[in-house]
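Taking it in order: structure first as structure tokens, then the write-up.
So that the names make sense, note that chain A is the first sequence line, chain B the second, and so on, each numbered from 1. Quantities reported herein were computed from a predicted structural model and do not represent experimental measurements.
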Amino acid sequence: MSELSHESPLAGVTPPPGLSVSLREITDRGMIDLRGHGSDQAFLSAVKGALGLDLPLRPRTSAGSDDLRVLWLSMDQWLILCPRTKAAEILAALRSALTGVHSLAVDVSDMRAVIRIEGGGCREVLMKGTSLDLLDAEYRPGCCRRMRFAEIAALLSVVEDNVFDVYVFRSYARYAWDFVCATAREPARVRLFGAQDAPA
Amino acid sequence: MSKPYRLSAGGSRIDRNRRVSFSFDGRQLTGFAGDTLASAVSAAGQRVFGRSFKYHRPRGVVGLGAEEMNALVGVGEGARHEPNLRATQVEIHDGLTAVSQNRWPSLTFDIGAVNNTFSRFIPGGFYYKTFMWPASFWKHVYEPFIRRAAGLGKAPEGRDPDSYEQIHVHCDVLVVGAGVAGLAAAEAAAKAGARVIIADENPVFGGLADISGGAIDGLAQADWALAKARTLASAENVHVLNRTTVVGHWHHNFLMLFERVADHDPARLRTGAPRHRLWKVRAHQVILATGAIERPIAFANNDRPGIMLASAARGMVERYGVAPGASGVLFTNNDDAYQTALVLKAAGVAVRVVDSRARADGPLPAKAREQGIPVDAGSVISAVNTSFGGLSVTDVRIASYRKGQGRVIKETRAACDFVAMSGGWNPALHLWCHNGGKIRFDDQLQTYRPDRHADRITAVGAANGSFTLASILEEASAAGSRLAGSGNVHPVPAVMQAGQQPMEPIWFAPATGKYNEGNKHFIDFQNDVTAADLELAQREGYESVEHTKRYTTFGMATDQGKTSNLNGLGVLSEATGKPIPEIGVTTFRPPYTPFSFGSMAGVLTKDLFLPIRRTAIFNWHTAQGAVFEPVGQWRRAYTYPRAGEDNHAAIAREILAVRNKVGLLDASTLGKIEIRGPDAAEFLDRMYTNVFSTLKVGKCRYGLMMNELGFLTDDGVTVRLAEDHFLMHTTSGGADRIAAWLEEWLQTEWTHYRVFVTPVTEQWSQFAIAGPRARDVLKKLAPSFDLSNEALPHMSFVEGRLGACPVRVFRISFSGELSYEVATPSGFGLGLWKAIIEAGAEFGLEPYGTEALHVLRAEKGYIVVGDETDGTTTPVDVGLDGLVSKKKADFIGKRSLEQSYLKGPNRKQLVGLLTEDPGEVLPDGAYAVRQVKDKPPMEMIGQVTSSYRSPTLGRSIAMALIENGRARMGETLSFPLPGGKVVRATITDTVFYDKEGAKLNV
Amino acid sequence: MLVVKCPVCGAEGDETDFHAGGQAHVRRPASHDPAHVSDEEQRDYLFIRINPKGLHFERWRCDRGCGKWFHAARDTVTLEFKAFYGITELPPADVIAEAKGQWAEYFAKRLKAEKQA
Amino acid sequence: MKPRYSLFSLARNAMNYHKDWERAWRSPNPKPEYDAVIIGAGGHGLASAYYLAKNHKMTNIAVIEKGWLGGGNTGRNTTIIRSNYLQDPSIAIYELARSLYEDLSQDLNYNVMFSPRGVLMLCQTQHEFRAFQRTAHANRLAGLDCRMVTPQEVKEIVPIVNDDPNCRYPILGAYYQPRGGTGRHDAVAWGYARGADAMGVDIIQNCEVTGIQRDGGRVTGIETTRGVIRTRKIGVVTAGHVSTIMDMAGVRMPIESQCLQALVSEPIKPVIDCVVMANTVHGYISQSDKGELVIGGGTDPYNNYSQRGSFPALEHTVTALVETFPIISRLRMLRLWGGIVDMTGDRSPIISKTPVEGLYVNCGWGTGGFKAIPGSGWVFADTIANDRPHPIAEPFGLNRFQEGRLIDESVAAAVAH
Ligand SMILES: Cc1cc2nc3c(=O)[nH]c(=O)nc-3n(C[C@H](O)[C@H](O)[C@H](O)COP(=O)(O)OP(=O)(O)OC[C@H]3O[C@@H](n4cnc5c(N)ncnc54)[C@H](O)[C@@H]3O)c2cc1C
Ligand SMILES: NC(=O)c1ccc[n+]([C@@H]2O[C@H](COP(=O)([O-])OP(=O)(O)OC[C@H]3O[C@@H](n4cnc5c(N)ncnc54)[C@H](O)[C@@H]3O)[C@@H](O)[C@H]2O)c1
Ligand SMILES: Cc1cc2nc3c(=O)[nH]c(=O)nc-3n(C[C@H](O)[C@H](O)[C@H](O)COP(=O)(O)O)c2cc1C
Ligand SMILES: [Zn+2]
């Protein structure tokens, strides 16, 4: 085999013209699924040793920086985000720190597609696919949670005020992308609350 | 016969400077921007809009909006046609085409109208009593006739070219209806800081404010409403929605709002706007300000074109500048309707009032008299006369009346060309009742009002039975503030409104003629249900109001009884002598008004209708012209036909490639689950029927899973990665289910197990390289590990690299050949796949699809869960007793295998079958019979589970579940097929190819 | 359209974000005494269900949240939830007190057994 | 004997403005004692009473109904009638019922509008195709008139079907029962009620059973909101409410009560002349004689006694049908409603004696018992009259859950409507 080509789930797919938000795939993200008990001090300190940061223990929150961010998935599950090139190294560090501690860390960098949606009105676009109240104060930057999106499971992460990442399993990437394209068409734009024309 | 009725002035909704041209029944007409189809067609002098359901009587406009039950039209053409729209709600635009319905050949001359002539023979429920002879006639003669006659409008033709969508929104307060009550409530709630949505079905906010007289804060009601609508629209915490009907209320304050985004505006539709949008709203509090609906009066022939509700008549004049006719009679039992007389008079239309109350002397009647409007108190309309065919009213008879009087005594004749009627008002309780709200009968208003509700929902204004401006505004403001969580009540505006005297109910106006016989007092106009029909149902024992409804179809038309329900109860009350509350009410069900199926589908049609799952190789398969097969939501390559090849030939070629050379299969869809923890092995022992705790690290084992009923549900190979770490494979269809199943047992039953489970199906692309040359292909890819049979024997596992590509390699086989399953992170999947194809070329490697896979495994007698098993099959049935542990104390399904029937005699057992004629392929699912007979029934003893033409063996093979099959080796069975042919096949072992497994261990 | 609230992670949402898992507190006899499960016990475990008109106890999963199973007490007539509680827990005492019929018998027995243990 | 319904009687009554019609059934007060009591005046209860009187000459019997007769699931179903099930016991009972439906109008002298317009079960995946092929073989050998049809034939039978071979779930064929169809649900209840009443059966409405009296191991009577009624034979036929009644007798049931919904569109001129079931996507549709499209789908996944369901199940169904019959996109939903269905562990019914002597139960019809009404009434009446299971009822006994002898129709990939 000559060289190692790596293809992202949405390789070659571009957003159609006329969308009310901007849309792209994020391809360089490494992901590690980490399981262990949030109540297990040995686990927590081993992870801290390996990652240099505390796991977020509050539901639907995340911790860390742009380079290394940990999303809370459950009381005993986290998703570690890092540059793709660092994933193997971080996984190795984690595994060695966790030797003897009941846990499971798996590289899942290729398991999901990440769709970034940004721009004013992106909450409304997302609300065409989820029953979550994205206008609620909980959905501020750093917040993350799993959700049902259209007909599939997804993970939502609030990056900035009008910037959201939607994680879906790789095989559904095209479906999720097409769904967002269908609901984000400019003529279908919805702006919730705030000044409107009066129904004269 | 028709004359234009557009008044020279007036019409708050229309813009006389913008002409709009449209067509009705092919006739080109013009109206003004702001007109409804009802107003514009009426302005052109046309009265008849359609024909009724059963008797095909000509019908005109009765209502002003959602309550309309007669003037139903079809709008649009071809694939854009939409039937059964209320003309009162259709906003006209240039180019709109509308047609009338349920008439043939034309509106004015309709053959179906003979039904009216025979109406005496077809009372409510008549079809239950006849059409029974001869029996076969129902299907072929009577029913087709009935079906053609019924049914109102026509369906569109072709696929809907427009788009739809949905959105979820949460709010603190949802206000339904933007009349004065809704506006006041929304304002109070918004002022208190709540996130408010206010929705109204009409294009314009204000409800009936513009036709109800009175003033608020010194402004005419309509102006006040307009100002409030503006304030709300500009507020940061309010979302206003017009043309949006709240169609239903469900548990826990879930409501559905149906927004007509672009129906009224083809230009907007052309830009690509969705036609409809469905809002799914979860509201903390709901305020129902849905107003009230005026009720008709049951008098003889009250359905004639030109007879309409009083509110509709005044709406026509005030909103659209259209006179309902040249001279009219207003028939009322309440003061409010006098406003209609005043409005008509002011517009120059002659009018007289017939009031069923003995006295009519409130301020409004007094004013009417002052204006010179004749008022006949203590009177009713006792007959309506029409022009030929019932197309228009020529005059009515007015008879004196005392409450409770049953027959007509003294009559006078009054010429008129229209009648306005008002029998009082019913609060629009529909949404209140959708989700179990209780209601109570109000003796003064003679109608039902909201009572208690378990959900957080409050009714205000006319919807709550409050009809004076002062009470409406007071309760609406109070509710708005309170429900928004504010202690301060928003100041209630000051009002000015004429006082009113109480109404008096009249459920049935006596008619000319003996006992009112032969007269039709319509209760449910659209379904042609008369007072006599309701009485007949009572006489025949259909006493419960629910029986009456179903026997007569009263309240079941497209208006769902908005104008008829209470009148019907009134008639039933008089017929039975029971007070109305004892009659009971039928159930209100969503939707409030019908809404499109398209909006329920939203964007989830065509490609977005149920997701398709794609492997990393999907595009490659497509480019190769693969035929696909859905497996769960996956699309898997079924076979790869080459030019000139049909599927059969392609599959045979692929199979032989695997048997003789080497093949490549995209097996990425297989479920993959990582399982780790000190108790992982013990946990697997519980989940599988066979033992996993004895598996050596680096080795693979095939396992079976049952459900608790003892039936097979999944199978697959699990590898032990480390002492405490396993990687489980499941079937493609089972991946998510099994992962959830493992979690469930860990969380709910064996909570003390220290095990973590992480599904990783999609992390990996996985390919089977199978065939005698498989090792050669892999070797060429420069593996970082030893591929020899000694180092990597059958059922073992290694992790390493193929060239630069990270891989996990499982030496397992579902084809019976030397075979490696190679997994690589999905991003590398396509690259590795292509590399394998390239490396394999010199060895004759061919990609193969799922059908070849199935034949290959059948040749080896391997089962497929779902083919050889069907949800009632145990491992023992399919001959895998060896994989059911006798030693383990407990595993899932173990106890059920002990139930008498599961271990009883005569179970169907899996066997192989060889047809006597090797060229004959038994159909899938064919049954063997104990004894062939001339004709059915024949006793069945088992069925074919898989059947193929085996290119390897050059003959057909099959597997079957046969009663006591294993004891019948060598026996020949008969399979009677359609057309009388009987195929005979001999029972054999299930392994047809390489029984010793020699090919596996090379 | 029920609003469900996960007692584990606090996520509240539409019933579509959760998974309804049938009656709660069904005891799996084989887990406790694999060798001595009678046909009747096995039948009861697999098929017989308390199916009350009124207060009911059931299992749900926080399917699109933390993924955990939990218990809920819900009225099958009003569809109102009375409590959410952990998958290994008993309902709050005040809710137990409202239980009727077979549920009341079940909790009485279980509380007694727990007291003895 | 009641006067017969006929064209002639209709004409004669018309002369008199329909003032002289007889009541279809009486409204009697309960007697203190009956030879047998049926609890539940749904289709199954009324048919049981009718055949007890007609076939077994037991006329001193009563049907006790808490609300109005036919107001349970019998009055709220999508009226699909077919018998092309997979398992032998199912074929036997559903085909008995279907064949009785053929002449039911004449037998009852009440037009129940049995309309054998054909039932078409679409195959939209290979798996479904294979499963129906198997059913087709089984049904043919059992003597049913059913067959597989090609996509072209599907298009001819239902021209509005989406025949795009590239759609999400292209139609690969269908399983067709030409003599399946629909019936007028209310009329079935009313016809049986009128027929039973004519033979002397007391149908007592607005009377709720609140207790079952026993003496040792046998029943002696029932308690109702209208007093105690003595009897030594009780047939419980209360569908979604069967658990509550059987609790009164101390018999625990393998049943859960869930909400199943259905909906109708506004009426339109005929567009679909058979019943179509699309099981892969969970939807089925037919058009009533009045013109509405009658649509149903799956149950909500939790217990519910409220007759009101949630929206997702329905929405899923409608979406699937919009995809399968694209023209319905612009039609509109007129009304939706729910019924409380009695779901058994294997989704097949229970027609059984019980551990209590004199207590019989007929339930578990779940989402598919309308089609079974005549057959179920027939064999249940026989079971009650002779105190032993009718041979067709025998496989549906309660003991099957203990023996593991389940009758699972879901294995044929078919749902049970
Ligand atoms: C939406 C829907 C669609 C369906 N579609 C189909 C279909 O297409 N084809 C098909 O074959 N089947 C269908 N079914 C199933 C079918 O409707 C039922 O299986 C069948 O009607 C059951 O009849 P039944 O007589 O057993 O019960 P019901 O008709 O429900 O009668 C039971 C009666 O018992 C009464 N009762 C309850 N408790 C008491 C008490 N304590 N005292 C006195 N009386 C009591 C009830 O009031 C009720 O009248 C559908 C069901 C629903 C809900
Ligand atoms: N005195 C009387 O007898 C009498 C009678 C009738 C009306 N009025 C007048 O009626 C008005 C009553 O005020 P109100 O605000 O209570 O009622 P309203 O009728 O003015 O307003 C109700 C609004 O809700 C809308 N609506 C109803 N159901 C809806 C739904 N499901 N979804 C969306 N919109 C829906 C209606 O179209 C209407 O626009 C006052 O102007 C009053 O003067 C008085
Ligand atoms: C086959 C069938 C057709 C129906 N057609 C109509 C109809 O045309 N109009 C209508 O309002 N309801 C129709 N219904 C629904 C009934 O009005 C009613 O909702 C249903 O019987 C359940 O009763 P409930 O809503 O009173 O609880 C129909 C019901 C069935 C079962
Ligand atoms: Zn949770």
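- Pairing each heavy atom of Ala188(A) with each of Arg277(B), the nearest pair is O-NH2, 3.3 Å.
- Judged by distance alone, the side chain of Arg174(A) and the main-chain N or O of Arg614(B) form no donor-acceptor pair under 3.5 Å.
- Once rounded to the nearest 0.5 Å, the distance linking CD of Glu7(A) with OG of Ser826(B) reads 11.0 Å.
- With a 4.5 angstrom heavy-atom cutoff, Gln633(B) touches chain A only via side-chain atoms.
- Within the model, atoms CZ of Arg676(B) and CZ of Arg35(A) stand 12.5 Å from one another, a figure rounded to the nearest 0.5 Å.
- When all heavy atoms of Leu104(A) and Phe756(B) are compared, the closest pair comes out as CD2-O, 3.8 Å.
- The distance from atom OG1 of Thr758(B) to atom CD of Gln77(A), rounded to the nearest 0.5 Å, is 5.5 Å.
- Contacts of Asp33(A) with chain B are made by side-chain atoms alone, with heavy-atom separations under 4.5 Å and no backbone atom involved.
- Listed for the Asp110(A) side chain is a donor-acceptor partner under 3.5 Å among the backbone atoms of Gly827(B).
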Verdict with reasoning, Ser5(A) to Phe828(B), per side chain to side chain contact (heavy atoms under 4.5 Å, CB included): CA-CA 6 Å; Ser5(A) 70; Phe828(B) 298 119; over 6 Å; no

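- Take Asp54(A) and apply the salt bridge (charged side-chain N to carboxylate O under 4.0 Å, His left out) test, not counting sequence neighbours, and it matches Lys48(A).
- The line from CE of Met127(A) to NE2 of His168(B) is 9.0 Å long, rounded to the nearest 0.5 Å.
- Between the side chain of Glu762(B) and the backbone N or O of Ser171(A), at least one donor-acceptor pair lies under 3.5 Å.
- With a 4.5 angstrom heavy-atom cutoff, Val125(A) does not touch chain B via any of its atoms.
- Side-chain atoms of His170(B) come within 3.5 Å of backbone N or O of Ser131(A) as a donor-acceptor pair.
- Nearest heavy atom pair, residue Val603(B) against residue Phe179(A), reads CG2-CE1, 3.3 Å.
- Residue contact with chain B, scored on non-hydrogen atoms closer than 4.5 Å, involves the backbone and the side chain of Val108(A) alike.
- Note that OG of Ser74(A) and CD of Glu743(B) are 8.0 Å apart. Values are rounded to the nearest 0.5 Å.
- Here OG1 of Thr130(A) is found 11.0 Å from CD1 of Ile167(B). Values are rounded to the nearest 0.5 Å.
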Side chain to side chain contact (heavy atoms under 4.5 Å, CB included) assessment of Asp133(A) paired with Arg195(B): CA-CA 12 Å; Asp133(A) 182 6; Arg195(B) 209 204 272 175; 3.3 Å; yes

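- At least one side-chain heavy atom of Glu151(A) sits under 4.5 Å from a side-chain heavy atom of Leu610(B).
- A donor-acceptor pair is defined here as one N or O able to donate and one able to accept, closer than 3.5 Å; such a pair exists between the side chain of Gln763(B) and the backbone of Ser109(A).
- Looking at Asp107(A), both its backbone and its side chain come within 4.5 Å of chain B, counting heavy atoms on both sides.
- With respect to chain A, the highest number of heavy-atom pairs below 4.5 Å among Ala178(B), Gly206(B), Ala229(B), Pro274(B) belongs to Pro274(B).
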